[in-house]
Structure formats: structure tokens, C-alpha cells
Amino acid sequence: MIIESFKIMDGYNLAGKRRIIKIIFKKYISEDDIYIMINEYIMINSRLGYKENIELVEGEEEGFIYYLTYTNNHIAKNILESLDRGERKKGIIRKLRLYKKDLWLDKVVKALICENIPFIEKNKGTLQIGYGIRGINIDERTLSRDFNGNIEELLSFVRNNKENIPIITVTGTNGKTTTTRLLHRLILEMGVTSGMSSTGGVYIGEERIKIGDTTGYFSARMVLENKKTEIAVLETARGGIIKRGLGYSESDVAIFTSLSEDHIGMAGVKDLDELARIKSLTFKALKKGGKAVIPCNEDIYKYIDKDKHKICYFSLEFNPVIKDHIKNNGEALYIKNDFITYFYGGEEHKLCDINKLDFCHRGISKSNIKNIMCSIAALKEFFSLDTICKALSHIDCNLNTNSGRQNILSIKNFKIILDYGHNREAFQEVFSIARNLKPKKVTSIIAAAGDRKDKYIIELGTIAAQYSDEIIIREQHDLRGRAKGQSAALLMQGAEIYGFNNISIIYKEEDAIIHAMKNAVDNEVIVLFTQCLDVIIPVINNYLEKEGLDKI
């Protein structure tokens, strides 16, 4: 056996193609043996009526990686498993020809691929054509009963019933979770059922159907398979793209919220451009005429097909990039006299006063202003701007709508800001919000992911020192490869570089927040960077209960 592992990826992936098999061969296997198997895979497929080929080859420490095309996933999987067991070509062909005789699905799949109609292979006997509320389930019985076994009749029916639903994808370094959640909430506010996959879970309408960090292929599929979904909002993270590719065929809108140095050195991400290339795979899956919503960043812009896609910029400033873009009648959002302003159709449209929007804490959250802009740009494809802005005026950034992201809690005579921030951009934004609250004192409770480079962890300590009066350093439960105390020492080093020495180390997050609350002074702001609301909220509520106050 020479195959270490393989994955079937029907959505776009790092090879830049759809319907690809990623095969990792064992380290000690020679290239000659690999080529023999690959050629046999291609030849067997050819004898069965499929034209397959090699799309990409990579050499890595864990072994050679090949990306091969496939048409029928069951047959492709069977061929690879049979070849890896050492079965002879003739026997494999004979076995699969018998299998194909009864495989009605094969002809339907080929026709759908040819017509670029989205579908999901639920199992070898059932196919979902289209997504969400528009999707129809077909098996051999329904094909015979409803369409007289005629594939052309099926295709005609699908075309007439508009087999797809709107799909909005969101990626980026910071802001993708908040933007995804805001889109979901706005769509529900406008009376349409949104299906969302995001950090925190998969939601269909108000119902959470799966808990977890659901930002990958299978989570997207859960949304698209659900018959209640009218619009899909899919958060698409770097890890999910690398592991399995995209869980959909084409989107209507692709949002790229921001790009900064996070995840560098992880999972083959060498530099900022490599990170941009991975995340911009969502542009590859953007349909012709679809909209790319991006910041004014050349590293992102260069990955968009300008001839195929519309581009909408967003920025807090009316900068030269936007000026040039709107000269050519492009779309852009920016701030003008404290109003979110949307240029499209050759003229400016004044939308929302940022000082009246609770979701951006009445103008002090610059990142949430940008997240709002992204959401408006995306939803304009499906709703009127008046309807969007009215819905936006009803949404707050609290534990219910955006848990763990810029939640400001008023407790007794002090405030707590809860945020997921774990990199430079996020730290600077949250501390800026804290300072805009005009506190007497800022106490920060900070931690860092252990799998980041030393310099990025040190940097977080320096940033905290710039904004804080007191720093409490904690460590995450999952140390991500580091020994206890290593991340804390790097954070302290960063603070000391700035000349800051009012620092304490309290390793447990629960103990750190209790200490901060017990010692809070009037008009203090406590900033807690946390990933564990399920731990922290009960601790805060226990404190409130002992103080005779209402729980949050």
C-alpha cells in the first residue's frame, strides 16, 4: 500500500479547480511507483468513459501530494482503494463496469457538470440538485416517476425553477465572524430565512443545529442541504480551505474583510501573500457578474478576475484608491460627515449616521463600521438599501447577536469588554474602543495562542502596554505546543520592552477576571480577550449574584 491518505473535494480547493482528489503518498514511495498508480487511475477511468488528469503536484515532508480530477466520486474512490490493495486493472474495470450498469446517477452528474448546475451527492443513491429551499432530491425512483427517466426533462425543470439560492461568503483575517453574524441577523430582520455557518455554530434561522467552530466544507454543506435556507451566509476560514476546499460551487458575493499577519508559519502559510492567495480562493468560486467586496488592499485586489467580477471597495476614508475606482463608475463605501456613504450608479447615496448605530457602539468601533459596510454592499444585491438600513438600526452588538466580539458589559460602576482578539489588528481596535469610553483606568487580561511565532506574541504584550494601566497575563487551556509559562513570558517581555511593569500573571482565566472585578475602581474598563464565554459568563454571573445584581 502506497497511499497515506486521500480526500475527495468537489468544491474549489488549493489546486484552483473543482472536483479534485488530493492524494498524499507515503514518504518512502518512489516517484516511479507513484506514476504507475496515477497512470493506471487515468487509464481505468478512460476505459469507463471518464477523462481524468493530473492538475497539480506538490512535494512536501510528509510525502508527495497529487491532485487528480474525478467525475464520479464513488468510482474514483473505488479505483484508488483497489489499486492501493494491489488489485489488477482488468479486475477493477470488470467490477466497475458492472457497477456502472446500474448507476443512473452517473449520467445525471455528467449532465449537471456540463450545465454548471450545483448539486450535492448525498450518497450513491440520492442526489440533491440545487441548494436550500430551491434544492430537489432525486433518486432513481423519482427520476423515473416524475421525469419519465429522461435527464433532459429533469434539466429543463431545474432551469425553470432557478435551482440556486443566493450565497454570500465571508473570509479575512479579522472581522469575518462578526460580518457573517451581522449578515445573518440582518437577513432575518428583513423576514428571510438565512442559513449561516460560522464560528460558534451552524444556524438555520434562529435555530442552532450544530455547535462548534463550523467554518469549513461540511458546515457549509449543512446549510446548503437544509430545505429552509433561503439565503446562505458562509464564513470561510483558512483552515477549512486548506483541509477540504469550499463546500459550494459558486457564490453571488465574496467578502474579504481584512488581511494582516496572522497564521504566518502555520500549515504551509509562508507569508502575507500566501495567506491572501489561500483566502482569495473564494473569488475563484464567485460566479460571473458576482460581487467582490474588499478593502483597499492591492494584495487582495490582484486575485480578483476584473473582467468577470464586480468590485466594491470599502474604507473609512475617501482615499485615492476609491477616488480612482468611482471615476470608472465602480462601487465603494466610505465615511463622509459621519455618514456611511455608498457610491454606485454614478452618484453618492448617504445612508446611515454611524453615531446612531448601536452595532458599531455609536461610531467608536471602527472595525464594526467596516463590517457594516461589507454587509450593506453584499445585501444590496438582494434587498433595497432603505430596507437594509432600517434593519441595521435595530441590531446591537451584544452577547445575543455577536457573542464574544466587542461585547461591552456594564457592571456596577465599571465596564467589561469581551472580545476574541488574538492578533495586532484586533488588539489595537479593542483598546481603541476602551479608550473611547473615557475610563479612569484600563485593566487588560491578555493571552496568546501558543502556535504563533514568538515575535507576534511579544507584539501583543507591547500593544497592551501602550493602552493599559494594569496588565494581567493569563494562558489558554490549550497551550498549542508550548510549555506552561512560555507564552506568558513572551507577553511580559513585550510589555517590558515598552517600559511597562504593572503586570501580574494569573494563569487561569476564571481567576483573572474574578481578581479584576473584585479590584475594579469607579469608571474602570476591564478588557478581557477570551475564547471561552461558556466559562467566563458563569463566573461573571456568579459574581453578580453575590453582589445582589441581575445576571447578564
Side-chain angles (χ1 to χ4, degrees), residues 10-12 18 112 116-123 126-139 142 157-171 176-237 240 244-255 282 285-287 290-291 293 374-375 378-383 387-388 391 395 400-402:
D10 60 341
Y12 280 102
R18 290 175 57 195
L112 294 172
N116 198 31
I117 294 173
F119 63 92
I120 297 173
E121 295 176 70
K122 301 181 86 165
N123 54 56
T126 308
L127 191 71
Q128 178 180 311
I129 302 175
Y131 297 143
I133 196 170
R134 297 283 186 183
I136 59 170
N137 290 327
I138 295 291
D139 56 22
T142 54
F157 174 82
V158 170
R159 292 189 207 103
N160 291 336
N161 282 273
K162 296 181 181 178
E163 76 290 341
N164 213 346
I165 60 170
I167 296 176
I168 303 169
T169 65
V170 186
T171 194
K176 58 184 178 294
T177 298
T178 295
T179 301
T180 302
R181 290 172 173 175
L182 177 58
L183 283 163
H184 177 66
R185 185 53 51 189
L186 285 168
I187 292 167
L188 295 181
E189 185 74 24
M190 292 185 287
V192 177
T193 301
S194 168
M196 174 182 72
S197 62
S198 179
T199 302
V202 175
Y203 287 78
I204 306 298
E206 298 284 1
E207 181 186 3
R208 182 162 65 178
I209 63 172
K210 185 178 180 181
I211 300 173
D213 186 2
T214 54
T215 57
Y217 173 91
F218 291 109
S219 305
R221 282 302 170 94
M222 289 184 72
V223 170
L224 297 173
E225 286 184 23
N226 196 290
K227 292 292 291 180
K228 295 179 182 177
T229 302
E230 295 180 271
I231 296 181
V233 183
L234 309 175
E235 181 180 347
T236 308
R244 194 89 192 189
L246 303 179
Y248 58 92
S249 58
E250 288 185 330
S251 68
D252 298 84
V253 180
I255 298 172
T282 53
L286 190 57
K287 75 178 186 182
K291 180 188 284 188
V293 181
C374 289
S375 300
L379 294 175
K380 176 182 169 291
E381 300 298 290
F382 318 109
F383 302 95
T387 304
I388 298 167
I395 299 175
N400 292 321
T401 59
N402 195 26

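Just so you know, these numbers come straight off a predicted model, no measurement behind them. The residues of the chain are indexed from 1 along the displayed sequence.
The closest donor-acceptor contact from the side chain of Thr282 to the backbone of Ala254 lies at 3.5 Å or more, if one exists at all. Panel note: side chain His184, backbone Ala232; no donor-acceptor pair is recorded below 3.5 Å. A donor-acceptor contact shorter than 3.5 Å is absent between the side chain of Thr179 and the backbone of Lys176. A donor-acceptor contact shorter than 3.5 Å is absent between the side chain of Thr171 and the backbone of Ala237. Looking only at distances, no side-chain donor or acceptor of Glu225 sits under 3.5 Å from a matching main-chain atom of Gln128. Between the Glu235 side chain and the Thr215 main chain, no donor and acceptor come within less than 3.5 Å of each other.
Across all non-hydrogen atoms, the minimal contact from Ser249 to Pro118 is OG-CB, 3.3 Å. Listed here is the closest heavy atom pair of Asp252 and Ile165: OD1-O, 3.8 Å. Looking at every heavy atom in both residues, Phe119 comes nearest to Arg221 through O-NH2, 4.3 Å. Contact record, Cys374 with Val293: CA-CG1, 4.0 Å, taken as the closest heavy-atom pair. Pairing each heavy atom of Val223 with each of Thr229, the nearest pair is O-OG1, 2.9 Å. Across all their heavy atoms, Val253 and Ala378 have their closest contact at CG1-CB, 3.7 Å.
If you take CG on Leu286 and OG on Ser251, they are separated by 4.5 Å, rounding to the nearest 0.5 Å. Separating the CE atom in Met190 from the CD1 atom in Ile388 is a distance of 5.5 Å, to the nearest 0.5 Å. Atom CG of Leu234 sits about 10.0 Å away from atom OG of Ser198, to the nearest 0.5 Å. Put simply, CZ on Phe383 and CD on Glu189 are 11.5 Å apart, with the number rounded to the nearest 0.5 Å. The NZ atom of Lys122 sits 9.5 Å away from atom CG of Leu127, with the distance rounded to the nearest 0.5 Å. Ile231 contributes atom CD1, which lies 9.5 Å from atom CG of Leu188 (distance to the nearest 0.5 angstrom).
Glu250 and Asn116 share a side-chain donor-acceptor pair at under 3.5 Å. Side-chain contact annotation: Thr177 with Thr199, donor-acceptor N/O pair under 3.5 Å present.
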- Task: Please lay out, stage by stage, how Thr142 and Asn137 fare under the test side chain to side chain contact (heavy atoms under 4.5 Å, CB included).
- Result: CA-CA 8 Å; Thr142 54; Asn137 290 327; over 6 Å; no
- Task: Kindly indicate, with the supporting measurements, whether the criterion side chain to side chain contact (heavy atoms under 4.5 Å, CB included) is fulfilled by Arg181 and Thr401.
- Result: CA-CA 7 Å; Arg181 290 172 173 175; Thr401 59; over 6 Å; no
- Task: Would you sort out whether Ile129 and Phe157 count as a side chain to side chain contact (heavy atoms under 4.5 Å, CB included), showing the intermediate values?
- Result: CA-CA 11 Å; Ile129 302 175; Phe157 174 82; over 6 Å; no
- Does the pair Met196 and Ile187 meet the rule for a side chain to side chain contact (heavy atoms under 4.5 Å, CB included), with working shown? CA-CA 11 Å; Met196 174 182 72; Ile187 292 167; over 6 Å; no
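Residues Ile255 and Leu183 have side chains in contact (heavy-atom distance under 4.5 Å, counting atoms from C-beta outward). Tyr217 has its side chain within reach of Asp10: a pair of non-hydrogen atoms, C-beta onward, lies under 4.5 Å apart. For the pair Ile168/Leu379, a side-chain contact is recorded, criterion being any heavy-atom separation below 4.5 Å from C-beta on.
Listed by chain and number, the residues in a side chain to side chain donor-acceptor pair (under 3.5 Å) with Lys291 are Glu331, Tyr342, Glu381 (sequence neighbours excluded).
Enclosure of atom NZ in Lys227 by more than 12 non-hydrogen atoms of other residues, nucleotides or ligands within 6.0 angstrom is indicated.
Pairs passing the side-chain hydrogen bond (donor to acceptor under 3.5 Å, both in side chains) check and including a residue from residues 200-209, sequence neighbours excluded, read Arg185-Glu206.
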